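Here the structure comes first, spelled out in structure tokens, and everything after it is commentary.
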There are 2 protein chains.
Amino acid sequence: MAAETGAESVESADAEEGADAEEGVRDAEDGAGEPDDSWGEVAPDAARRLLLAAVEAFAERGFHATTTRDIASRAGMSPAALYIHYRTKEELLYQISRVGHERSVRILTEAGNSAVTPADRLAAAVRAFVRWHAERHTTARVVQYELNALAEEHYAEIVALRRRSEEILRGILEDGVAAGDFTVPDTRGTALAVLSLCVDVARWFRSGGTRTPEELGELYAGLVLRMAGAPAGPAGESAGGADRGA
Amino acid sequence: MAAETGAESVESADAEEGADAEEGVRDAEDGAGEPDDSWGEVAPDAARRLLLAAVEAFAERGFHATTTRDIASRAGMSPAALYIHYRTKEELLYQISRVGHERSVRILTEAGNSAVTPADRLAAAVRAFVRWHAERHTTARVVQYELNALAEEHYAEIVALRRRSEEILRGILEDGVAAGDFTVPDTRGTALAVLSLCVDVARWFRSGGTRTPEELGELYAGLVLRMAGAPAGPAGESAGGADRGA
DNA sequence: CCGCTCCCTAAGCGGCTGCTCAGCAACCGT
DNA sequence: ACGGTTGCTGAGCAGCCGCTTAGGGAGCGG
């Protein structure tokens, strides 16, 4: 029941992104990296700290290699404290996965509605999606790559959210084909490939690297427009912004 | 000592492709699926059975969630038998990872040398690489996604092989740019994206699906040529071979 | 027949796992 | 002052983990 409290009040963490909660902008040397908001409004403070600790631990070592003792000690608590806020270790993963996937769907939906032409919609969606996966790569890695550690019922729920993401992307591609802007022989296969390409960013992206999340989003938006067979854009957005204008 | 024997004689075995079975969507209870060659010449028969069992188990549940008892019983042996052929559970993963990565490098090298023009070389490399990841997706999933369970020294060795793969691909892209066939503003970033796209096939591909490995290879080869800014190919290889003729 | 090697098993060891439970300090409205 | 609720801890349980060890049986050169 206390576990419910921690679980229930997660989902409305969207509006204000705490501009005050970021202390360690330059990534700490310990390896974890950014403070990672997104969990700004998890119920009691302790529940949020546990969630954050779990995200870091799962991202570093994977779900199965992470012990509940490790999560608790990262949160500065005793091993037993975890079970006041979450019923099982798996529920922790489930919360992370659910919130992350809902966020993904929202990013794609909003970006896909933010423009008129299919090319602009596709570029905006990829740009935002990639940027999120790069910026929040610690969270995203857990969200995208620890799925199959979920319990059967939770897994089914998450898979449904993933299908939503795929449908949103495929919808944009189909609109573009219908409008004659794209040339895609297999919209389903291409949508899958695009999603796969963007998601995989979470696996290899590192904060200290040469590319910023924004730059990577630009690069990928250009690559994906090409994959869709879109003619070169007006603002030089054909493949990373450094292409020729024509 | 016996562990060495099992390790040494692995690396050949390529010809015959079988692949007739299929897999459940999640972890099928019957086991994994295809026979998966590649391990055709592992030293004693028992060592090969253990390797194969480990591949299936790691692919289904992940390295950390797999027990040595599970591997041994899949191979029809007692838990202790594993340690006659391999020193630790991690060495099993290391052998799988090493052989798989060597295979990857070889596939890219050979395909990248099989043609003359950069476009044909790129297409051939992607086609072969994707096909392998789809056909042997059980093996490939372990090879590509269980890396960080490796011991430090083994991890370093594998990472070097991965860098080789990236360099081969980047080399093709750079040749294409130099020849004026490709338009790529950021060869390193694009090579990384292409590799990422191909590798991720192993994560979601299922044998029972609508696309065969060959079809997927064709689709991806077309997508990647577009990403590279190559003009539409002569044999309808613009994006999947199913495009309109003219 | 011997003795030796090669594979393999039954049993089990120490340690760590996820998770539980009794209890306690701090706060609450009354 | 006080019973009740909330949030947490120290201790620990049952069970599973990777891995080891002692020994057995099949094969084989002599």
Side-chain angles (χ1 to χ4, degrees), chain A residues 1-10 42-54 57-58 60-96 142 146 148-152 154, chain B residues 1-9 42-55 57-58 60-96 142 146 148-152 154:
Chain A
M1 29 186 64
E4 294 298 339
T5 318
E8 231 58 72
S9 54
V10 168
V42 180
D45 176 77
R48 198 188 66 243
R49 268 159 45 218
L50 283 166
L51 248 187
L52 198 64
F58 292 163
E60 265 178 42
R61 309 200 221 274
F63 176 81
H64 287 293
T66 298
T67 70
T68 54
R69 283 165 177 82
D70 184 27
I71 297 170
S73 83
R74 276 177 197 251
M77 307 170 85
S78 81
L82 193 152
Y83 294 91
I84 294 164
H85 300 282
Y86 303 94
R87 270 176 301 236
T88 61
K89 185 174 92 165
E90 190 267 353
E91 195 194 305
L92 226 16
L93 176 63
Y94 169 60
Q95 295 302 337
I96 294 166
V142 178
E146 300 291 330
N148 39 23
L150 287 169
E152 203 67 38
H154 293 159
Chain B
M1 29 179 68
E4 293 298 338
T5 318
E8 232 56 72
S9 56
V42 181
D45 177 77
R48 197 187 66 243
R49 268 159 45 219
L50 283 166
L51 248 188
L52 198 65
V55 167
F58 291 163
E60 262 178 44
R61 310 201 220 274
F63 176 80
H64 288 294
T66 298
T67 71
T68 54
R69 285 165 175 83
D70 183 27
I71 297 170
S73 82
R74 277 177 196 251
M77 308 169 85
S78 81
L82 194 151
Y83 294 91
I84 292 164
H85 301 281
Y86 301 94
R87 271 177 299 240
T88 61
K89 186 174 93 167
E90 190 265 354
E91 195 193 305
L92 227 15
L93 176 63
Y94 169 60
Q95 294 303 337
I96 294 166
V142 178
E146 299 291 331
N148 38 24
L150 287 169
E152 203 65 40
H154 293 159

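Throughout, protein chains are lettered first and strands after them, A, B, ... in sequence-line order, and every chain is numbered starting at 1. Keep in mind the model is a prediction, meaning the values are calculated, not measured.
- For the pair A/Arg69 and A/Met77, both in contact range of DNA chain D, the more 5′-proximal nearest nucleotide belongs to A/Met77.
- Atom pair B/Ile71:CD1 and D/dC17:C1' shows a separation of 12 Å (rounding to whole Å applied).
- Between B/Thr68 and the phosphate of D/dG18, there is a side-chain N or O to OP1/OP2 separation shorter than 4.0 Å.
- For the pair B/His85 and C/dC8, the criterion of a side-chain N or O lying under 4.0 Å from OP1 or OP2 is met.
- For the pair B/Glu91 CD and D/dC19 C1', the interatomic distance rounds to 14 Å; values are reported in whole Å.
- Going from atom CG of B/Asp70 over to atom P of D/dC19 covers 15 Å, rounded to whole Å.
- With D/dC19, D/dT9, C/dG18 as the choices, the nucleotide that has an atom nearest any side-chain atom of A/Ala80 turns out to be D/dT9.
- B/Tyr83 places its OH atom 19 Å from the P atom of C/dA11, with the value rounded to the nearest Å.
- Residue B/Asn148 holds its CG atom at 10.5 Å from CZ of B/Phe63, rounded to the nearest 0.5 Å.
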Review point. side-chain contact (heavy atoms from CB on, under 4.5 Å) between A/Tyr83 and A/Thr68: does it pass, once the steps are laid out?
Key: CA-CA 9 Å; A/Tyr83 294 91; A/Thr68 54; 3.3 Å; yes

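- Atoms NZ (A/Lys89) and P (C/dG18) sit 4 Å apart, rounded to a whole Å.
- Between the P atom of C/dA10 and the CG atom of B/Leu82 lies a distance of 15 Å, rounded to the nearest Å.
- The backbone N or O of A/Ala75 lies less than 3.5 Å from a partner atom in the side chain of A/Arg49, making a donor-acceptor pair.
- If you take NZ on A/Lys89 and OG1 on A/Thr67, they are separated by 7.5 Å, rounding to the nearest 0.5 Å.
- Look at NE2 on A/His64: it is 20 Å from P on C/dC16, rounded to the nearest Å.
- Among D/dC19, C/dT9, C/dC19, the nucleotide with an atom closest to any side-chain atom of B/Ile84 is C/dT9.
- Contact annotation for B/Ser78: base contact, defined as any heavy-atom pair under 4.0 Å involving a base atom.
- Note: CG (B/Leu50) to C1' (D/dC19) measures 15 Å, nearest angstrom.
- With A/Arg87 as the fixed residue, the side chain to side chain donor-acceptor pair (under 3.5 Å) test singles out one of A/Glu90, A/Glu91, A/His85: A/Glu91.
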